[in-house]
Number of protein chains: 2
Amino acid sequence: MASSNKTPTINDVARAAGVSKKTVSRVINRSALLKQDTRKKVEAVIAELGYVPNPQARALALRRNFLLGLLHDNPNAQTVLNFQEGVLDAIRDTEFALVVRPVDRHSPKMLEDIRHFLEQQRLYGVLILPPISENDELAALCREMGCGYVRMGSAPLDDEEHIVASNDREMVESAVDYLVESGHRRIGIIKGPEGFRSALERSEGFMAAMRKHGLAVPAELVAQGTYRFESGLDAAGQLLDREQRPTAIFCSNDEMAAGALHAARQRKVSVPADLSIIGFDDSPIAAHIWPPLTTVGWPIREMAKAAALKLVAPADERAQDYIFPARLVQRQSVAPPPDKF
Amino acid sequence: MASSNKTPTINDVARAAGVSKKTVSRVINRSALLKQDTRKKVEAVIAELGYVPNPQARALALRRNFLLGLLHDNPNAQTVLNFQEGVLDAIRDTEFALVVRPVDRHSPKMLEDIRHFLEQQRLYGVLILPPISENDELAALCREMGCGYVRMGSAPLDDEEHIVASNDREMVESAVDYLVESGHRRIGIIKGPEGFRSALERSEGFMAAMRKHGLAVPAELVAQGTYRFESGLDAAGQLLDREQRPTAIFCSNDEMAAGALHAARQRKVSVPADLSIIGFDDSPIAAHIWPPLTTVGWPIREMAKAAALKLVAPADERAQDYIFPARLVQRQSVAPPPDKF
DNA sequence: TTGTACGCGTTATCAT
DNA sequence: ATGATAACGCGTACAA
């Protein structure tokens, strides 16, 4: 018989169905103007033969492929992976696939590397994770190359169709509200690294909230971190070694909060009895340290899904959102301040 | 002039260089039989025009693309991400790209989904992470579909060219050796979930080591976990509530070890003074909990790199290794047992 | 509503 | 050592 063991092509389907390949093509692409009979017949043959359109050939003919890229230089593995899952949620049962591309934001050749990557792979579009999503040159590069892009950020730093953002600033404000309601007045902050928009948003949110409550933030209550565990350890150490130490510390991410917890333990400062700590991210570590960390969680997966939809189905109503509310996750690292304060 | 603003094709290069496109193709593909002059000339034109071959067209003509797939259903984000980095190390500066595909091993449609994925994307090959890498049906599917594959596992469960494996069993033995040298005799184990090869390897390594040292492992020293934090909490709780509790616990992964640490803290059992704990994986959490966890680390990134090379450059000497030694990472969760024992 | 002829950018065959 | 021509599998213009 005619059927070989090779995978069937559109021609095989056309021949078996007794139609032209254009008709098959129309069926695949859901063209409106097709007789029901024809459609049914072709669909039956497709099912029978187990025909799957060749994406490479489609890509060639359509002059665009069906690959979404994920550009990231994110130190937080869980964030990246959750984002990947979210993108997959969006492109499941479509012909799109996700190709990942970790980059090195410290490399002077970063933009050049990415340019080469985009040229070579001719991606349908790219999703960009913080912190490199904050790089405006990168966004400009995408535009220049005609590559769709959506950035993920902690503030709306691009047009609606090019951004999914969390409301970090607001959320830090509610975190501070919560500390103040618990009775804290002397609240310290461990900032994230300079040059990170998220770090800026979080520290400005903190300052705004303190101002709102009429609370002072002297320099001795402010410490600089790098988002890494060790920096949290150091920075919290400084704060706790002040003559009058804070009764609560807001840490700009969970990893530093974990470091702060260590610093407290080393100094026999009990959390949350003597010191309250709030983190940011709701990463897995938050639930797995002691005491379980009260933190701010943001809906990465939903954001990723929306970001991918902005690229592959811009008209979809689920692709319209661009600000995603974070929420306070209350666990056990916050309590009222000790009596003496 | 002739040059439009579109990206140049092989035809443009051929015309500009005054050769046929086949010659250009030969230059790209490093054909041996080419006059040096011609090669130089063409290469100059390629550089000048900024020509980049279109991978979709190549894929179509060659009947295979340059996409590597990563199939995973791994609960550990850092493991997956490290693996991705390792693969990227291998394919950097090549035309290959990495597409990721999380799968759901509990879904009855898993194999069917993967089949559809492979049919549709026509991948060059796939890398498979544990635990689904232990699924022999999946490997058979890859073979059937003519898709290259390399599995990552905790034991050599396939041919050399299809596996990269760590030596979990041996490593657990040295972990136990270390505990015994520190003076421990009553050593408990929290096993990983049944059906996981890694869990089996680790628990058998444990049993073998204990036997070697002439140490008994009564049922009361064995607890069952699921690799999740909560299960470590529960399982360690059981062990610690025995009439005669162990002085050391080997946990089959770090996440459960973190849970065990919590269980100890809840019972005012001090680690490592009253109880020693060893984990497995050397995941980030190991360094970020208190006390920092002594654990077994394996070279994921190197394994990933080797796995990818097995697919894209099987002749490369770096692609020949298939067993990768893990090593004991000593931190602060192990000490000699308390005196009364 | 459906079919014919051709183009997408590359590689392979077989000449020369 | 190099070139003409035909694939590869699909989409589109235009005709029927």
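To find a chain, count down the sequence lines: A is the first, B the second, and so on, and within it residues start at 1. Excluded from the calculations below are hydrogen atoms, water molecules and symmetry mates; all remaining heavy atoms, backbone and side chain alike, are included.
Partner F96(B) forms a side chain to side chain contact (heavy atoms under 4.5 Å, CB included) with one of I91(B), L311(B), N65(B), L67(B) and no other, that one being I91(B).
Between dG3(C) and T23(A), a contact under 4.0 Å exists linking OP1 or OP2 to a side-chain N or O. Within the 4.0 Å cut-off from OP1 or OP2 of dA1(D), not a single side-chain nitrogen or oxygen of T38(B) is found.
Atom C1' of nucleotide dG9(D) and atom CG of L49(A) are separated by 15 Å, given to the nearest angstrom. The distance between atom CG of L60(A) and atom C1' of dC8(C), rounded to the nearest whole Å, is 4 Å. Atoms CG (D12(B)) and P (dC8(C)) sit 11 Å apart, rounded to a whole Å.
With sequence neighbours excluded, the residues forming a salt bridge (Lys or Arg N to Asp or Glu O under 4.0 Å) with R58(A) are E95(A), listed by chain and number.
With contacts defined as side-chain heavy-atom distances shorter than 4.5 Å, the pair R115(B)/L141(B) qualifies.
The closest donor-acceptor contact from the side chain of S133(B) to the backbone of R151(B) lies at 3.5 Å or more, if one exists at all. Of the possible donor and acceptor atoms, one in the side chain of Q120(A) sits under 3.5 Å from a partner among the backbone N and O of T94(B).
For the residue pair D158(A) / Y149(A), a side-chain donor-acceptor distance below 3.5 Å is found, with atom types taken as modelled.
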**Request:** Can you check each nucleotide of nucleotides 10-16 of chain C against protein heavy atoms at under 4.0 Å and return B for base, S for sugar-phosphate only, - for none, in 5' to 3' order?
**Result:** BBB----
